Amino acid sequence: MSINYFYKPDLDSTFLSKEESHYASRVLRIKNGDIIHAFDGIGHLQVLECKNSKSDKMEVSIVESKKIERLRKHKIHIAIAPTKKIDRVEWFLEKSVEIGIDKISFIKSRHSIRNVIKEERIDKTILSAARQSGNFVLPEWSPIEPLESFIHKNLHIEEKYIAHLDNSNPSEQKNFEDIHKNKNEYLILVGPEGDFSSEEINLVKEVGFKSLSLGQSRLRTETAGIVSCLYLNLI
C-alpha cells in the first residue's frame with residue numbers, strides 16, 4: 001500500500017496546515033485514529049496519528065520521529081536561466097528534485113527572455129516532486145539574479161562549471177568524466193535558449209569557472225539542467 005506524505009515544517013506542532021488538512025480530510029478521507037506520515041523538508045520524517053480530522057486544522061499526535069540519512073555526501077547546485085515558457089521551468093524543477101538536487105538558482109543573462117518567476121508556483125512544484133519521489137529534503141532556491149553578481153557570490157565553490165556548446169575549441173572543454181571526485185559542492189551554470197554570450201563565457205572563465213560539455217547535441221535549457229543534475233548524482 002502506498003504511503004501519502006504530508007508537509008509539516010514545524011516538527012513540534014500538533015496540527016497540519018490548512019492546505020494539508022484539507023487534502024488529508026477532503027481528498028484522502030483521513031479519519032480519527034488513522035496513521036499518517038509527514039516530513040519537514042530539512043531531513044526529518046514523522047509518523048502521526050489523526051486525533052481530529054477537521055478539514056481546516058487537522059489535529060495529530062506524534063507517534064515516532066526519525067532523521068533521514070543522506071546517501072549522497074556532496075551538494076549539487078544548478079544555476080539556470082529560466083525559459084520563456086514557465087511549464088518548462090517547472091518540468092526542470094520536478095525532474096531535478098526527483099533525481100536529487102540541493103540548490104537551484106535562477107540567473108539572468110544577456111539572452112534571457114523571462115525575468116519574473118512566481119514564488120508560489122516554484123514552491124508548489126518542488127513540494128509536489130518531493131512527495132512523489134521520496135526525496136524529502138527540499139532544495140533551496142533563489143530568485144532571478146544577474147549572472148555577474150551571482151558568479152561573484154559563488155567564487156568560493158571549488159568545482160564550478162559553465163555548460164555550453166563550444167565547437168571552436170572542443171579540446172578545452174571538460175567532460176563529466178573529467179570532474180574531480182569527492183568534493184563537497186558542485187555548481188553548473190546553464191544558459192538560456194540562446195546560450196550564454198561569448199562575453200559572458202569569457203567573464204565566468206576569467207573568475208575560475210571551467211567550460212563543460214554536455215555532448216554534441218544542442219540541448220534545450222531544461223534538458224541541459226536535468227542532464228547536469230543526473231551526472232552530478234552519478235559521480
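On a predicted model such as this, the values are computed, not experimentally measured, just so you know. Just so you know, residue 1 is the first one in the sequence shown, and it goes up from there.
Taking the charged nitrogens against the carboxylate oxygens, R88 and E193 do have a contact shorter than 4.0 Å, which makes a salt bridge. Under 4.0 Å is where a charged nitrogen must lie from a carboxylate oxygen, and between E185 and K103 no such pair does. E69 has no carboxylate O lying under 4.0 Å from a charged side-chain N of K67, or vice versa, which leaves the two without a salt bridge. The pair D34-R29 does not meet the salt-bridge criterion, since no charged nitrogen lies less than 4.0 angstrom from a carboxylate oxygen. At a threshold of 4.0 Å, the pair R110-E199 counts as salt-bridged, since one of the basic side-chain nitrogens sits closer than that to a carboxylate oxygen. Using a cut-off of 4.0 Å between Lys/Arg side-chain N and Asp/Glu carboxylate O, E158 and K183 are scored as salt-bridged. Under 4.0 Å is where a charged nitrogen must lie from a carboxylate oxygen, and between R121 and E90 at least one such pair does.
Environment of CG in N182: sparse, with no more than 12 heavy atoms of neighbouring residues, nucleotides or ligands closer than 6.0 Å. For CG of N184, the number of neighbouring non-hydrogen atoms (other residues, nucleotides, ligands) closer than 6.0 Å is 12 at most. When the shell of 6.0 Å around CG of L71 is examined, it contains 12 or fewer heavy atoms from other residues, nucleotides or ligands. For NZ of K54, the number of neighbouring non-hydrogen atoms (other residues, nucleotides, ligands) closer than 6.0 Å is 12 at most. Heavy-atom neighbours of K181 NZ from other residues, nucleotides or ligands within 6.0 Å: above the threshold of 12.
Relative orientation of the W141 and F106 rings is perpendicular, given thresholds of 30° and 60° on the angle between their planes. Ring geometry for H74 against Y186 counts as perpendicular: the plane angle is over 60°, on a 0 to 90° scale with 30° as the lower cut.
Annotation: the span from I179 atom CD1 to L212 atom CG amounts to 5.5 Å, rounded to 0.5 Å. The distance from the CD1 atom of I42 to the CD atom of E140 is 11.0 Å, given to the nearest 0.5 Å. Of the inter-residue distances, the one linking K108 atom NZ with I144 atom CD1 reads 8.5 Å to the nearest 0.5 angstrom. Annotation: the span from L16 atom CG to N52 atom CG amounts to 11.0 Å, rounded to 0.5 Å.
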Are S25 and S53 close enough, and set up right, to give a side-chain hydrogen bond (donor to acceptor under 3.5 Å, both in side chains), and what steps lead you there? CA-CA 6 Å; S25 177; S53 59; 5.1 Å; no

Checking R72 against D102 for the salt bridge (Lys or Arg N to Asp or Glu O under 4.0 Å) test, could you report, in this order, the C-alpha distance in whole Å, the side-chain angles of both residues, the deciding distance, and whether it holds? CA-CA 10 Å; R72 172 170 47 80; D102 299 284; 2.6 Å; yes

Any chance you could lay out the salt bridge (Lys or Arg N to Asp or Glu O under 4.0 Å) test for K51 and E49, step after step, and finish with the verdict? CA-CA 6 Å; K51 291 298 185 182; E49 181 182 351; 3.7 Å; yes

Evaluate S211 against H164 for side-chain hydrogen bond (donor to acceptor under 3.5 Å, both in side chains), listing each step before the verdict. CA-CA 7 Å; S211 181; H164 68 102; 2.8 Å; yes

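In this structure, V137 is not a member of the same hydrophobic cluster as I78, with clusters built from ILVMFWY side-chain heavy atoms closer than 4.5 Å. A chain of hydrophobic side-chain contacts below 4.5 Å, direct or via other Ile, Leu, Val, Met, Phe, Trp or Tyr residues, connects V97 to F92. Taken together through direct or relayed side-chain contacts under 4.5 Å among Ile, Leu, Val, Met, Phe, Trp and Tyr, L155 and L187 form part of one hydrophobic cluster.
Checking side-chain atoms of S128 against main-chain N and O of K124 turns up no donor-acceptor pair under 3.5 Å. Between the side chain of D56 and the backbone N or O of K18 there is no donor-acceptor pair closer than 3.5 Å. At distances below 3.5 Å, at least one donor-acceptor pair connects side-chain atoms of S13 with backbone N or O atoms of F15.
Evaluated for a side chain to side chain contact (heavy atoms under 4.5 Å, CB included) with I104, the options L93, I76, V89 yield exactly one hit, L93. Exactly one of L48, L28, V60 qualifies for a side chain to side chain contact (heavy atoms under 4.5 Å, CB included) with F6. That residue is L28.
Between N4 and I30 there is no side-chain heavy-atom pair separated by less than 4.5 Å. A 4.5 Å side-chain heavy-atom check between E20 and M58 finds every atom pair outside the cut-off. Using a 4.5 Å heavy-atom cutoff, the side chains of K205 and I201 are in contact. F196 places a side-chain heavy atom less than 4.5 Å from the side chain of L147. You'll find the side chain of W91 stays beyond 4.5 Å of the side chain of T83, heavy atoms only. Between Y231 and V227, the closest side-chain pair of non-hydrogen atoms falls below 4.5 Å. In this structure, the side chains of F136 and D40 stay at 4.5 Å or more apart for every pair of heavy atoms. At a threshold of 4.5 Å between non-hydrogen side-chain atoms, the residues H77 and N154 count as touching.
Using modelled atom types, one finds a donor on one side chain and an acceptor on the other under 3.5 Å when comparing Q46 with S65.
Annotation: F39 is in aromatic contact with Y7 [ring centroid separation under 6.0 Å].
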